[in-house]
Amino acid sequence: MAEDSIPYLSGAKIKEVLDYNELISVMKKAFAKYSSGKVVQPVRTVVKVEKADGFLGLMPALCEDEDVLATKLVTLYRHNQEKYGLPTHNAIVVVFSVNTGIPKVIMDGEVITTMRTAAASAVASKYLCAPNPRKLAILGSGVQARSHFEALSSLYKFEQVTVWSRTFNNAEHLAGEINATPCNTAEEAVKDADIIVTVTLSSKPVVQKAWVKPGCHINAVGACRPDWHEIDPELMRSAIVYVDSRAGAEKESGDIILSKAEVYAELGEVILGTKNSNKDKTTVFKSLGMAIEDVLSAKLVCDLLLKTEKLK
Ligand SMILES: NC(=O)C1=CN([C@@H]2O[C@H](COP(=O)(O)OP(=O)(O)OC[C@H]3O[C@@H](n4cnc5c(N)ncnc54)[C@H](O)[C@@H]3O)[C@@H](O)[C@H]2O)C=CC1
Ligand SMILES: O=C(O)C1=NCCCC1
């Protein structure tokens, strides 16, 4: 049985201990463990809430090597921001003892989702983009736009960063925060970019093949449903496509399903050295998000807090 009260870790506490440096190495480990078959992780179960254009996603994973069993519960309500001024993504993570199955800790999952997704894109960029990227283009201006700027800036010193968003004011606002250039169109933003990040809630493509410099690396982070896509199908078919999980991509990724693009490899296979990185070609990392990213992030949080004795 669980204790009368299970410790709860707030997002603020988690933010205090997580940094991109460490998370980037943990995400590298997550991808490698997943692609070497050392993770038990079903494809996300999605419970749709049609009337609110939302869903609840169940994301459990077990990694015995790392002695960790946990699940993230995450909701995506697309209109929360405009309707209520609330975050569109909300989540908690529950960590269990692998030996007894007793729940050990419940923690906020929003900060973990925000940071681990950007750290995952940073790992993908490290393996898939050509050396010394100079220009970063961010399409979208929400939570992931900010975290991606932070994570990628921890790896690279960009000479130029551009931001496009559906509403120019939002692009301007974010650009002001991060010292970037706001753009009126996505085409203008991605022109000559070495790395593009797509972090919108759009279900229609926001970037076209003709706009993209050959050899560019794209972190395609949005569009997590089979009928949503963010990337021009022609661009998907002409690029070398990497995914976090083949099983997830086949079931959930509209960018892959609708374009019928071939998946070349899982990112973990590149990390393990069984697939090439093709840094000189146009590459897409189609990120859907994997439970093991959350589970290893949660373990990192627990380890860091145990070190500082904030978690007994
Ligand atoms: N791959 C992964 O592991 C994860 C992916 N995501 C996805 O990343 C994307 C961004 O997430 P957040 O920044 O947290 O969301 P957010 O709600 O903070 O920001 C969403 C952005 O998309 C824009 N947007 C909304 N509808 C649009 C449309 N029709 N066309 C163009 N832009 C539109 C909004 O104006 C805003 O700039 C979402 O698609 C989300 O589901 C989020 C978490 C994890
Ligand atoms: O991996 C995640 O967490 C999510 N991915 C897609 C959108 C919902 C949250």
Side-chain angles (χ1 to χ4, degrees), residues 27 30-31 41 43-48 53-61 70-93 108-124 138-151 163-175 182 185-186 189 197-207 219-226 228-231 242-245 248-249 251-255 267 284-295 297-298:
M27 288 307 103
F31 289 120
Q41 178 192 282
V43 173
R44 179 163 42 215
T45 295
V46 168
V47 177
K48 280 199 201 175
D53 195 7
F55 69 74
L56 166 67
L58 278 65
M59 302 177 66
T71 188
K72 182 165 82 174
L73 305 172
V74 59
T75 55
L76 165 47
Y77 276 56
R78 271 168 134 185
H79 307 292
N80 264 8
Q81 182 62 42
E82 75 233 25
K83 270 192 179 163
Y84 310 114
L86 290 171
T88 50
H89 296 70
N90 292 280
I92 55 167
V93 178
D108 163 83
E110 219 184 311
V111 170
I112 285 179
T113 303
T114 300
M115 294 183 71
R116 67 70 154 151
T117 307
S121 294
V123 174
I138 303 174
L139 306 185
S141 59
V143 170
Q144 290 294 339
R146 283 170 174 79
S147 60
H148 274 72
F149 172 76
E150 283 167 23
V163 180
W164 168 82
S165 196
R166 234 181 355 170
T167 311
F168 183 72
N169 267 355
N170 293 341
E172 241 183 349
H173 188 79
L174 173 59
T185 65
V197 176
T198 59
V199 277
T200 76
L201 274 165
S202 178
S203 49
K204 297 275 176 300
V206 292
V207 57
N219 293 302
V221 178
C224 62
R225 302 302 305 136
W228 298 357
H229 52 165
E230 261 190 324
I231 313 290
Y242 298 81
V243 293
D244 38 21
S245 138
K251 190 170 164 210
E252 292 195 302
S253 172
D255 278 315
L267 181 56
V284 171
F285 171 55
K286 179 60 232 169
S287 162
L288 287 159
M290 297 199 294
I292 191 61
E293 297 170 38
D294 302 303
V295 169
S297 301

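Just follow the structure's listing: the first ligand is 1, and inside any ligand the first atom is 1. What you see is a predicted model; the values in this text were computed from it and never measured.
For a heavy-atom separation below 4.0 Å, the residues in contact with ligand 1 are Leu76, Thr88, His89, Thr113, Arg116, Thr117, Gly140, Ser141, Gly142, Val143, Gln144, Ser165, Arg166, Val199, Thr200, Leu201, Ser202, Val221, Gly222, Ala223, Ser287, Leu288, Gly289. Protein residues having a heavy atom under 4.0 Å from any atom of ligand 2 are Arg44, Met59, Lys72, Val74, His89, Thr113, Arg116, Cys224, Leu288, Gly289, listed by chain and number.
Asn80 contributes a side-chain N or O that, together with a main-chain N or O of Pro87, makes up a donor-acceptor pair within less than 3.5 Å. Listed for the Lys286 side chain is no donor-acceptor partner under 3.5 Å among the backbone atoms of Val243. Checking side-chain atoms of Ser245 against main-chain N and O of Gly248 turns up a donor-acceptor pair under 3.5 Å.
Judged by a 6.0 Å distance limit and a 45° cone about the ring axis, Arg225 is positioned over the six-membered ring of Phe55.
Legend: residues meeting side chain to side chain donor-acceptor pair (under 3.5 Å) with Glu293, ordered by chain and number and at least two apart, are Arg116. With sequence neighbours left out, the side chain to side chain donor-acceptor pair (under 3.5 Å) criterion links Ser147 to Gln144.
Contact detail for Val284 and Ala220: the closest heavy-atom pair is CG1-CB, 4.1 Å.
Counting heavy atoms from C-beta outward, Glu230 and Val207 have side chains that stay 4.5 Å or more apart.
Heavy atoms from other residues, nucleotides or ligands lying under 6.0 Å from NE2 of His173 number 12 at most.
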